[in-house]
Structure formats: C-alpha cells, structure tokens
Amino acid sequence: MSKFYITTPIYYVNASPHIGHAYTSIICDCMARFKRLGGEQVYYLTGTDEHGEKVNQAAKASGEDVSGFVDRVVGNFKKLWKDLDVSYDFFIRTTQNEHKEVVRKVITLLHSKGDIYKAKYQGFYCMPCESFWTPTQVKDAGGVCALCKREVEKIEEENYFFKLSKYEGWLKSYLKKNPSFIQPKTRYNEVKGFLDNNVLADLCISRPKSRVSWGVEFPLDASYVVYVWFDALINYISAVGYGSDDDKFKQWWPADLHLIGKDILRHHAIFWPVMLHALGVSLPRVIFAHGWWKVEEEKMSKSKGNIVNPYTLIKDVGTDALRYFLLREISPGADGNFSYKAVVNRINSDLANDLGNLVYRTLNMAQKYFDGKVTARKCSLPAQFKKTLAPLAQNYAKYMDSLNFPAALDLVFAFVRVMNKYIEDTKPWALWKEKETSRIEEFLYALLEGIRIVSVYLYPFMPAAAQAILRQLGLKEELLSLRECKWAQKETYSIKKEKPLFPRIDVD
RNA sequence: CGCGGGGUGGAGCAGCCGGGUAGCUCGCAAGGCUCAUAACCUUGAGGUCGGCGGUUCAAAUCCGCCCCCCGCAACCA
C-alpha cells in the first residue's frame, strides 16, 4: 500500500481564519479523501504558526496574554476544520515542545556542519515586517522598507545567519533537473526567474530577544529567538518524527505534496529545499502554489473590509455546497473571483437542479413504483451510460492527481446529465401506464447504480452528500472506494428517501 | 525592453506545450415532458479566438512586433 503525505501551510494565528484559509484546507482535504478512496495510506498535516512579534502584538491588542490568545485563535481554526469536514490526521502547533525541540536540533546540527555563523550586521530593519534590508535595498526603495514602504530603523547588531548562498548553485541545478518540483508551471518559472536575476544572500535566522520575545529560544545563544519562518517550515518534518521517531519519519517523509498559497512561494521553493538539503534530508516531491480569491473582482483584504467569513457561508449554503463551489469554480493554480451570485448560481444549477433533483426523482420513482425495493434485472449497462462512464473512469484519477478539480467534476456531471436525459428518453411514466413494470425496474436499477457510482466520485468534494446518497440507497459507507466504481456491484436496493440533498436557494 | 500572468460568442472559462471542422457551464429564445427541488429534455440565436505581419497546404494553437488588463506594497491562503 502506498502512502501519501500532504500538508497545508501552518496558519499564522494573529487573526481568525477567513475563506482563503478554508480554501487551502479544503483543497488538501479533497486530495486526502481522494487518495483514501484509492486505498492509499494518507497522512494529512495541518496546524498553526504561533511565534513572532506580530502574534505578540495581536495578543496585546486584544488584551490577552500571548498563550491564552493563541489557544483561543487555534480553537477557531480547529472548529472551522471540523465544520468544514476537513479530515486532517495531525494538527501541529509551533508552540508545542516537541516541535521546538526539533527546531533547536536542526539549528544545532546545521551549526555543527558549518552552515550557521554569527556576524555583525549593519543595515536597516523594518519592525512590522521583521525584515532586514541592506543600504542598497533601502535606497532603491526610496529610503523605506522595500516590502511595506514604511520607515526603517538603522541598526547594527550581531545575528546568526544560515548559508543560503552556499547552496544557490545546487538549488538551481536541482530545479533544472526537476521541472515538476514546483507547480503549476508558471510558479516554477517565477522561481527560476527569481534565481536567475538575484544573488541569494545568507538568511538571518535569529532575532534578539530585546526586539522579538515570542519565539523559540535560539539554541546557541539564549539572548536570541529563532526567526519565525525558519521555525515554521520545520513543522513539516517535526510533525512526522524527524529527530524523535525515526520509524515514523521513514514511513511518511518525503512529503508528497506541500500545498501553499502563492504568497509564500519563495519560502517554500527556496529556503525550505536548501534547509533540507543542508540537513541531508530528501526534498518533498511537489510544492503546489494555489491562487487567490478576489471578492467581487477586488483583492480580499482587511483594510478593504471585504474578508469573506467562512462561517457565514456555511450557515447560508452548507459545508458541502461551499466546498463544491470553491473546488469547482477555479482550478487551484489560478486566481478566482468570489461573489454570492456565483455561489448561488453554481449551487442551484449543478447541485440542486442536476444532481439533487436526479437523486430525488429517481428515489421517488423507486418508492412510488416499487415501494423502495429495486432488484437487478438484466442489468446491462445502457449504451449512453457507457459513453460517459468510460472516460470518467479513465480520466478521473488523472485529473484529481493534477489538482484539476473542475475537469474531474465536469466528467462526473456529464454523467449526471446523461442520467437525467435517460429518464426523459425512457419515459417511465408512460411505461407505468402500460404496466411495463419489469422494464421500469431495469431502468431504475441502472439509475441507482449510476447514482451509487457518482457518490463515490463526489465523495472527496462533498463527503457528507456522498454519504447521504449511499444512506438513501440503503448502502453502507464502506462502499466509498474507487474499487466500487464498477457496474452492477449491487443486486438489490432498499430505498430510504430523505429530503432533497440540495434545496434551491432563492435570491431575494 | 524589469519579473510573472492574462486578453476566445452577453458572463465565466477550456482548448494553445505535441498546428487540421471553436468546446463547456451559466444566461437568452422557441418547443417538449411531468417521475422530480418552477426542476428535467430538445432545438436555436450569438464568436473576424486583442491588433498587425510572418511560417505553413492549413494557425486560437508556432514566430515577430504592437495595444490593453492584473499581480510582483501592507493585512493575507
């Protein structure tokens, strides 16, 4: 049995989760569930990044002590994942001792290998960004922080540096040899372009406690804490036993997929691979950066006040419909536009009209005509089913593996539409008047089999709906496996019809 | 000449790598049906594939030039 280790970024806890966080975790959840459907052993890691001055300040701003504050925000994240049916296997917090231990081990090891050194640093520091700038960088930016354009502070202090520069050549050749390491392709090009146009400077990985107090204490020098990103990235290995549980680490590492947002591409595509290489640890197989949701064509931002709250959406449309919208509307590399109109439109046409109505009308006929008991009769696969089911079976996994969720769903819904058409073409209401009961039963059996198969394919996207379908077909959840996507697996159906899966949403 | 995306019927997108009748969803129009969530099914209207030029028997797809839009600040997936 093969394994699949998938990760979200660890979310920064200076504020509560919004739709973007939900999107990232839902993508990973869809992948994780898809892999489980295929019988793979999955380890789905998520968690929180809790150090750094910004967290400290956020805690102060809300009048809480830091550890109470982070606990509370972490609670918000965990609750959201529960409500969104995010099936992670482990939740790591960078404030956990186990993690901090590993961070210290990593630094000690890199130091012993000669990749960390202490140096006096002269330059400029941007407090809010926790970033250093050389005089040239500040000058180019016009005398301010090159990132945020705010005032910088001239500083001269000693810090610890990680020798990124030493590995620049290695990283370039690694990327050249592994063109699928960073996905999608545009992001790969971006990283390559960045490396071609810039010289990698060594990375400052310590912060004096006088300035940043909330962090992992630097192992070589108690007057410093570890730079928050250096601490954070290590979660991907500390969570699976690096430096503490060799068997576990061997079982799961390397990660098969680091899913990230495009904003943190450089940390994952440059710092992280070099850190691992310097440690002598193998690299993750794929780093995939997804796009961003715009809201009504505008960038989502706190300052614009247009942050979409996932809880409001769960309340309005439900978890499955929200997951479906986010995964169906755009494929993960691209940016997308979020609007309530688009959400409602998508739900009504795909979920209520096509899928929900198909299930409802089919079950209704099964009850009306056969009192809910439908048995296989000459259950050969209708020709029109075969025509769409074959490409579905053939390409579903391929699309899922490449995170092309819209393409996978298109295939599934093409089959849903074929079944709706099959009902029109067969005209069961006419057959009923002619007392052609055995033909109707054959027809209904075909539909029930088709719906059963659809429920399996939809499970990664809408786990609760898939389970509800199986339940109404009188089947057990264990049948959620790609192996079950074959025709005529069941002999009898005992229908237990419930309310429509997805009620239409009326807009006022 | 900074870097990276993008410009395809009313809207949103796929197709472009490996040229060969322009595809999907929504919307719109007409019709059909009634098992069904005013749902479903059929048919139709609607595109000089940003512009110009080149390669080719043939270009949305390859090459060159040009125009326009977005990101490459912060909060932040």
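For the numbers below, each heavy atom of this structure counts, side chains included, while hydrogens, waters and symmetry mates do not. Predicted model only: the values in this text are computed from it and were never measured. The sequence lines fix the lettering, A, B, ..., with proteins before strands; numbering per chain opens at 1.
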>> Could you go through Ser25(A) and Tyr11(A), starting from their C-alpha distance and side-chain angles, then the distance that decides it, and tell me whether this counts as side chain to side chain donor-acceptor pair (under 3.5 Å)?
In response: CA-CA 10 Å; Ser25(A) 287; Tyr11(A) 303 111; 2.7 Å; yes
>> Before you tell me yes or no, could you show the steps for Trp81(A) and Tyr44(A) under ring-ring contact (aromatic ring centres under 6.0 Å, His included), namely the whole-Å CA-CA distance, both residues' side-chain angles and the distance that decides it to 0.1 Å?
In response: CA-CA 12 Å; Trp81(A) 302 153; Tyr44(A) 174 5; 8.9 Å; no
> Would Phe271(A) and Phe230(A) count as a ring-ring contact (aromatic ring centres under 6.0 Å, His included) if you check the C-alpha gap in whole Å, the side-chain angles of each, and the deciding distance to 0.1 Å?
Replying inline: CA-CA 8 Å; Phe271(A) 300 166; Phe230(A) 202 82; 8.8 Å; no
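One atom, CG of Asn309(A), and another, P of A77(B), lie 15 Å apart when rounded to the nearest Å. Here A74(B) presents its C1' atom at 12 Å from CD1 of Ile307(A), a figure rounded to the nearest Å. Going from atom NZ of Lys294(A) over to atom P of C75(B) covers 21 Å, rounded to whole Å. Regarding Asp263(A), its CG atom lies at a distance of 11 Å from the C1' atom of C75(B), rounded to whole Å. Separating the CD1 atom of Ile287(A) from the C1' atom of A77(B) is a distance of 16 Å, rounded to the nearest angstrom. Note: NE2 (His268(A)) to P (A77(B)) measures 11 Å, nearest angstrom. Rounded to an integer number of Å, the gap from NZ of Lys262(A) to P of G71(B) is 9 Å. Distance NE2 (His267(A)) to P (A77(B)): 11 Å, rounded to an integer number of Å.
In this pair, His258(A) and Trp272(A) present their aromatic rings tilted. The plane angle is within the 30 to 60° band.
At a non-hydrogen distance threshold of 4.0 Å, nothing from residues 395-416 of chain A comes into contact with RNA chain B.
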Are there any protein N/O atoms within less than 3.5 Å of an N/O atom in nucleotides 4-12 of chain B, and if so, which ones and at what distance?
unit_1: G5(B); atom_1: OP1; unit_2: Asn189(A); atom_2: ND2; d: 3.3

Which protein N or O atoms sit under 3.5 Å from an N or O of nucleotides 13-19 of chain B?
none

Distances for protein N/O vs nucleotides 30-37 of chain B N/O pairs under 3.5 angstrom?
unit_1: C35(B); atom_1: O3'; unit_2: Asn364(A); atom_2: ND2; d: 3.4
unit_1: C35(B); atom_1: O2'; unit_2: Asn364(A); atom_2: ND2; d: 2.8
unit_1: C35(B); atom_1: O2; unit_2: Arg361(A); atom_2: NE; d: 3.3
unit_1: C35(B); atom_1: N3; unit_2: Arg361(A); atom_2: NE; d: 3.3
unit_1: C35(B); atom_1: N3; unit_2: Arg361(A); atom_2: NH2; d: 2.7
unit_1: C35(B); atom_1: N4; unit_2: Arg361(A); atom_2: NH2; d: 2.8
unit_1: C35(B); atom_1: N4; unit_2: Glu424(A); atom_2: OE2; d: 3.2
unit_1: A36(B); atom_1: O2'; unit_2: Asn357(A); atom_2: OD1; d: 2.6
unit_1: A36(B); atom_1: N1; unit_2: Arg361(A); atom_2: NH2; d: 3.1
unit_1: A36(B); atom_1: N3; unit_2: Asn357(A); atom_2: ND2; d: 3.1
unit_1: A36(B); atom_1: N3; unit_2: Arg361(A); atom_2: NE; d: 3.2
unit_1: U37(B); atom_1: O2; unit_2: Phe502(A); atom_2: O; d: 3.4
unit_1: U37(B); atom_1: O2; unit_2: Arg504(A); atom_2: N; d: 3.2
unit_1: U37(B); atom_1: N3; unit_2: Phe502(A); atom_2: O; d: 2.8
unit_1: U37(B); atom_1: O4; unit_2: Gly356(A); atom_2: O; d: 3.0
unit_1: U37(B); atom_1: O4; unit_2: Asn357(A); atom_2: N; d: 3.4

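Note on residues 309-326 of chain A: pairs passing salt bridge (charged side-chain N to carboxylate O under 4.0 Å, His left out), not counting sequence neighbours, are Asp29(A)-Arg323(A). Within the structure, salt bridge (charged side-chain N to carboxylate O under 4.0 Å, His left out) pairs that include any residue of residues 325-346 of chain A comprise Lys262(A)-Asp335(A), Arg328(A)-Asp410(A), Glu329(A)-Arg346(A), Arg346(A)-Asp350(A) (at least two apart or interchain). Evaluation of the salt bridge (charged side-chain N to carboxylate O under 4.0 Å, His left out) test over residues 188-200 of chain A, restricted to residues two or more places apart or in two chains, returns Arg187(A)-Glu190(A).
Comparing C75(B), A77(B), U25(B) against the side chain of His21(A) picks out A77(B) as the nearest. Side-chain proximity of Trp292(A) to the nucleotides C75(B), A77(B), C40(B) is greatest for A77(B).
In summary, the side chains of Glu50(A) and Thr94(A) do not present any donor paired with an acceptor at a separation below 3.5 Å, with no hydrogens or angles considered. Side-chain contact check for Asn56(A) and His51(A): no donor-acceptor pair (N or O, by modelled atom type) lies under 3.5 Å. Asn235(A) and Arg93(A) share no donor-acceptor pair across their side chains, judged by distance under 3.5 Å alone.
A distance of about 45 Å separates the P atoms of C41(B) and G53(B), rounded to the whole Å. Remark: the separation of the C1' atoms in U56(B) and C63(B) is 12 Å, to the nearest Å. Only the C1' atoms considered, C28(B) is 43 Å distant from A74(B), to the nearest whole Å. Nucleotides G20(B) and C35(B) place their C1' atoms 45 Å apart, quoted to the nearest Å. Comparing the P positions of C3(B) and C65(B) gives a spacing of 13 Å, expressed to the nearest Å. C16(B) and A22(B): their P atoms are spaced 15 Å apart (whole Å). With P as the reference atom, A45(B) and G2(B) are 47 Å apart, rounded to whole Å. One P atom belongs to A77(B), the other to A11(B), and the distance between them is 34 Å to the nearest Å.
Under the salt bridge (Lys or Arg N to Asp or Glu O under 4.0 Å) criterion, Lys78(A) pairs with no residue at all, not counting sequence neighbours. Taking the salt bridge (Lys or Arg N to Asp or Glu O under 4.0 Å) definition, one finds that Asp85(A) meets it with nothing, sequence neighbours left out. Annotation: salt bridge (Lys or Arg N to Asp or Glu O under 4.0 Å) contacts of Arg439(A) (sequence neighbours excluded): none. Listed by chain and number, the residues in a salt bridge (Lys or Arg N to Asp or Glu O under 4.0 Å) with Lys185(A) amount to none (sequence neighbours excluded).
For U25(B), one of the phosphate oxygens OP1 or OP2 lies less than 4.0 angstrom from a side-chain nitrogen or oxygen of Arg417(A).
A salt bridge is defined here as a Lys NZ or Arg NE, NH1 or NH2 lying under 4.0 Å from an Asp or Glu carboxylate O, and Glu498(A) with Arg471(A) meets this definition.
Residue Asn14(A) is in sugar-phosphate contact alone, with no base atom involved, counting any heavy-atom pair closer than 4.0 Å across all strands shown. Nucleic acid contact for Trp432(A): none, since no nucleic acid atom lies under 4.0 Å from a heavy atom of the residue. Using a 4.0 Å heavy-atom criterion, one finds that Asp425(A) contacts no nucleic acid atom at all.
Annotation: side chain of Phe502(A) is not in contact with side chain of Asp354(A) (no heavy-atom distance under 4.5 Å).
In the displayed structure, Arg72(A) atom CZ is contacted under 6.0 Å by more than 12 heavy atoms of other residues, nucleotides or ligands.
Taking a pair as Watson-Crick or G-U wobble with both distances under 3.5 Å, the runs of three or more consecutive pairs in RNA chain B are B:2-7 with B:67-72, B:10-13 with B:23-26, B:28-32 with B:40-44, B:50-54 with B:62-66.
A cation-pi contact, defined as under 6.0 Å to the ring centre and within 45° of the axis, is absent between Lys373(A) and Tyr493(A).
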